[in-house]
Engineer: 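Sending over a structure as structure tokens; questions will come in a sec.
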Amino acid sequence: MALNVVIMAAGKGTRMKSAHPKVLHRLAGRSLLQHVLDSCAGLGAARTVVITGHGAAQVEAAARGEGLRFVRQEPQLGTGHAIQQAVPALDDAAPTTLILNGDVPLIRSATAAALAQACGGEKLALLTIALADPTGYGRIVRAADGSVRGIVEHRDASDAQRQIREVYTGMMAAPTAALKRWVMALKNDNAQREYYLTDIVAMAVAEGVPVVATPATGETEVLGVNSPLQLADLERRFQRAQAETLMEAGVRLADPARFDMRGTLQCGSDVEIDINCVFEGRVTLGDGVRIGANCVVRDADIEAGAVLHPFTHVEGAHVGPGALVGPFARLRPGADLGEEVHIGNFVEVKNSTLAAGAKANHLAYLGDATVGPRVNYGAGSITANYDGAHKYRTVIGADVHVGSNCVLVAPVTLGDGATVGGGSTVSQDVPAGKLVVARARQVIIEGWQRPKKPAKG
Ligand code: UD1
Ligand code: MG
């Protein structure tokens, strides 16, 4: 079905009390507007027009989608005025125009599609919902035969009309040609001196164009964000729904109320996730992976049987099968751990490959390093990979043993089976199988006496 999509995103969002445009506030890692754009992505719209106003340049720079067009509405004189600005950008060859709100982020694709379908280029279709407390919303006014006659805004409604619980959600689909005509004929003679888009309903009725109400599937998909409180409420609803989907697929979440996914998470079987973990970007967890409490994992692949112990931070990394990481470990971009690698507490790994069975268990840094299989990398040891201008690699062969508190000054290569004595600063290559000790020789001072405090008297 050929379709125009129009998203109203000009509003300021005064109640957010923020310097940022309202529709750029984030829900599960994506802006409110991006949620709406992503929900529309599958509708096959001929055009998607975003109406911007407050923070227009910022909003336009942040929005992502195919064939987006932007129109500006300055000043903002109401929802009808907003659609007037979009009129020149609409594709006349698309008989249906779907109107959504940039601050109603959880509208479901299926609902948006049903609304467009209900219009079918011929009817005016309103997305509605019955609310226990309809205060503030436009009410759906019906005739005795049940047909929709109009929408009356709360401020303009009579006491009797305010009893109506069926409300307009702010989303509609209209025949494109008629919509253009109607919005250009709107007047602002109402309580707020605004051009109300909702006044087109009465125009449609007057012209004999059928008006139909399409019910929303639930409250969550029609809730708007006007305040930090509402934003947090929608975030929890969204996270709860994601958590339920994962649990239905067999993922064991210690507590679905303390789980945050800001991207995509693909899980094998028997995955366990403890409380307060945050997943960002694209993350995959293999069969039997266990994630301890308070881990943050972004853009990472964790293979089968691997364990992230609590308070581990992983970004842009690959963790091989059966590897153990943390607690309090940090894997930075380019960390690539092989099978059964162990990374312990307060160990940082960046742009380094560790082959199967390598271990760095305590207080260490590996940056720009290639580490062979079964290497043991001692506590407090670091690669000095940066000379202030350039970065260099450290190559550590198979079965190397690096003692504690060593500095490996890159570029440097330790041959297979080499041993580095504790406290060494290694700045030249070490041949395979050799012991290197690069520190001051120990000296015993004969006859030395510890100073004594003078006797009190
Ligand atoms: C609107 C509807 C009301 C409905 C309610 C649902 C009108 C006249 N009323 O009221 O019937 O129950 O939504 O939430 O449409 N916007 C612009 N430019 C403007 C004004 C608004 O882009 O000049 C945008 C806002 O940023 C927002 C959306 O349009 O995304 C709705 O505007 P808002 O002021 O919230 O309308 P309501 O008064 O809530
Ligand atoms: Mg509103």
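As a basis for the values below, the full set of heavy atoms in this structure was taken, side chains included, without hydrogen atoms, waters or symmetry mates. Model, not experiment: these values are computed from the prediction. Remember, it's 1-based here, ligands and their atoms both numbered in the order they're listed.
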Engineer: Quick one: pull up CZ in Arg72 and NE2 in His54 and give me the separation to the nearest 0.5 Å.
Structural biologist: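 NE2 of His54 is found 12.5 Å from CZ of Arg72.
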Engineer: Below 3.5 Å, N or O to N or O, backbone or side chain included: is there any such pair between Tyr137 and ligand 1?
Structural biologist: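 There is no such contact.
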Engineer: Report the C-alpha separation of Thr370 and Thr353 in whole Å, then their side-chain angles, then the decisive distance to 0.1 Å, and conclude whether the side chain to side chain donor-acceptor pair (under 3.5 Å) test is met.
Structural biologist: CA-CA 5 Å; Thr370 304; Thr353 303; 5.4 Å; no
Engineer: In terms of atom number and element, which parts of ligand 1 are under 4.0 angstrom from non-hydrogen atoms of Tyr196?
Structural biologist: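 Result: 8 (C).
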Engineer: State if His81 counts as touching ligand 1 under the rule of any non-hydrogen atom under 4.0 Å.
Structural biologist: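 The answer is no, since His81 has no heavy atom less than 4.0 Å from ligand 1.
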Engineer: Against Asp368, only a single residue in Lys350, Lys391, Arg332 fulfils salt bridge (charged side-chain N to carboxylate O under 4.0 Å, His left out); can you say which?
Structural biologist: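 Result for salt bridge (charged side-chain N to carboxylate O under 4.0 Å, His left out) with Asp368: Lys350.
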Engineer: Hey, could you give me the CG/CG distance between Leu308 and Asp274, rounded to the nearest 0.5 Å?
Structural biologist: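 Separation between the atoms: 12.0 Å.
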Engineer: Run Gln242 and Gln239 through side chain to side chain donor-acceptor pair (under 3.5 Å) and show every step you take.
Structural biologist: CA-CA 5 Å; Gln242 293 191 131; Gln239 294 298 348; 2.9 Å; yes
Engineer: Could you tell me whether Thr169 approaches ligand 1 through its side chain, its backbone, both or neither, with non-hydrogen atoms closer than 4.0 Å?
Structural biologist: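 The part of Thr169 near ligand 1 is the backbone, not the side chain.
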Engineer: Under 4.0 Å, counting heavy atoms only: does Leu77 come that close to any atom of ligand 1?
Structural biologist: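 It does, in that a heavy atom of Leu77 comes within the 4.0 Å cut-off of ligand 1.
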Engineer: Less than 3.5 Å between some nitrogen or oxygen of Gln192 and one of ligand 1, yes or no?
Structural biologist: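 No: no nitrogen or oxygen of Gln192 is under 3.5 Å from one in ligand 1.
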Engineer: Do NZ/NE/NH1/NH2 and the carboxylate oxygens of Glu194 and Lys187 come within less than 4.0 Å?
Structural biologist: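 No, Glu194 and Lys187 are not salt-bridged.
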Engineer: For atom 23 (O) of ligand 1, which of Gly13, Ala82, Gly78 has the closest heavy atom?
Structural biologist: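 Among Gly13, Ala82, Gly78, the closest heavy atom to atom 23 (O) of ligand 1 belongs to Gly78.
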Engineer: Salt-bridged, Arg262 to Glu280, with N to O below 4.0 Å?
Structural biologist: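 The answer is yes: the pair qualifies as a salt bridge.
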Engineer: Regarding atom 8 (C) of ligand 1: of the candidates Val225, Val50, Thr79, which has the closest heavy atom?
Structural biologist: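 The residue whose heavy atom sits nearest atom 8 (C) of ligand 1 is Thr79.
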Engineer: Report, in ascending order of atom number, the atoms of ligand 1 lying under 4.0 Å from any heavy atom of Gly138.
Structural biologist: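 Matching atoms, with element in brackets: 3 (C), 4 (C), 11 (O), 12 (O).
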Engineer: Please confirm whether Tyr168 comes within less than 3.5 Å of ligand 1 when only nitrogen or oxygen atoms on both sides are compared.
Structural biologist: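 Such a contact does occur with ligand 1.
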Engineer: If I apply the N/O under 3.5 Å rule, does Gly136 come out as touching ligand 1?
Structural biologist: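 It does not: no N or O of Gly136 is found under 3.5 Å from an N or O of ligand 1.
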Engineer: Consider every N or O of Leu197 and every N or O of ligand 1, then say whether any pair is closer than 3.5 Å.
Structural biologist: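 No.
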Engineer: What's the spacing between Asn4 CG and Thr48 OG1 if we round to 0.5 Å?
Structural biologist: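 That separation rounds to 8.5 Å.
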Engineer: In ligand 1, which numbered atoms sit nearer than 4.0 Å to a non-hydrogen atom of Gly11?
Structural biologist: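 In order of numbering, the contacting atoms are 22 (O), 26 (O).
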Engineer: Start with the C-alpha distance between Asn361 and Val347, add both sets of side-chain angles, then the distance that settles side-chain contact (heavy atoms from CB on, under 4.5 Å), and finish with yes or no.
Structural biologist: CA-CA 7 Å; Asn361 273 326; Val347 174; over 6 Å; no
Engineer: Could you check whether any heavy atom of Gly224 sits closer than 4.0 Å to an atom of ligand 1, since that is the contact criterion I want to use?
Structural biologist: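 Contact check Gly224 vs ligand 1: negative.
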Engineer: Asn101: heavy atom below 4.0 Å from ligand 1, yes or no?
Structural biologist: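 Flag set, Asn101 near ligand 1.
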Engineer: With heavy atoms of Met8 as the reference, note each atom of ligand 1 found under 4.0 Å away.
Structural biologist: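 Taking each heavy atom of Met8 in turn, ligand 1 has 22 (O), 24 (C), 29 (O), 30 (O) under 4.0 Å.
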Engineer: Would you find a donor on one side and an acceptor on the other, under 3.5 Å apart, between the side chain of Asn101 and the backbone of Val104?
Structural biologist: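 Side chain of Asn101 to backbone of Val104: no pair is present.
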Engineer: Residue-level breakdown please: for Lys22 versus ligand 1, do any non-hydrogen atoms fall below 4.0 Å on the side chain, on the backbone, on both, or on neither?
Structural biologist: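 Neither part.
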Engineer: Before we go on, tell me: are the rings of Phe238 and His35 under 6.0 Å apart, centre to centre?
Structural biologist: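 Under 6.0 Å, so yes.
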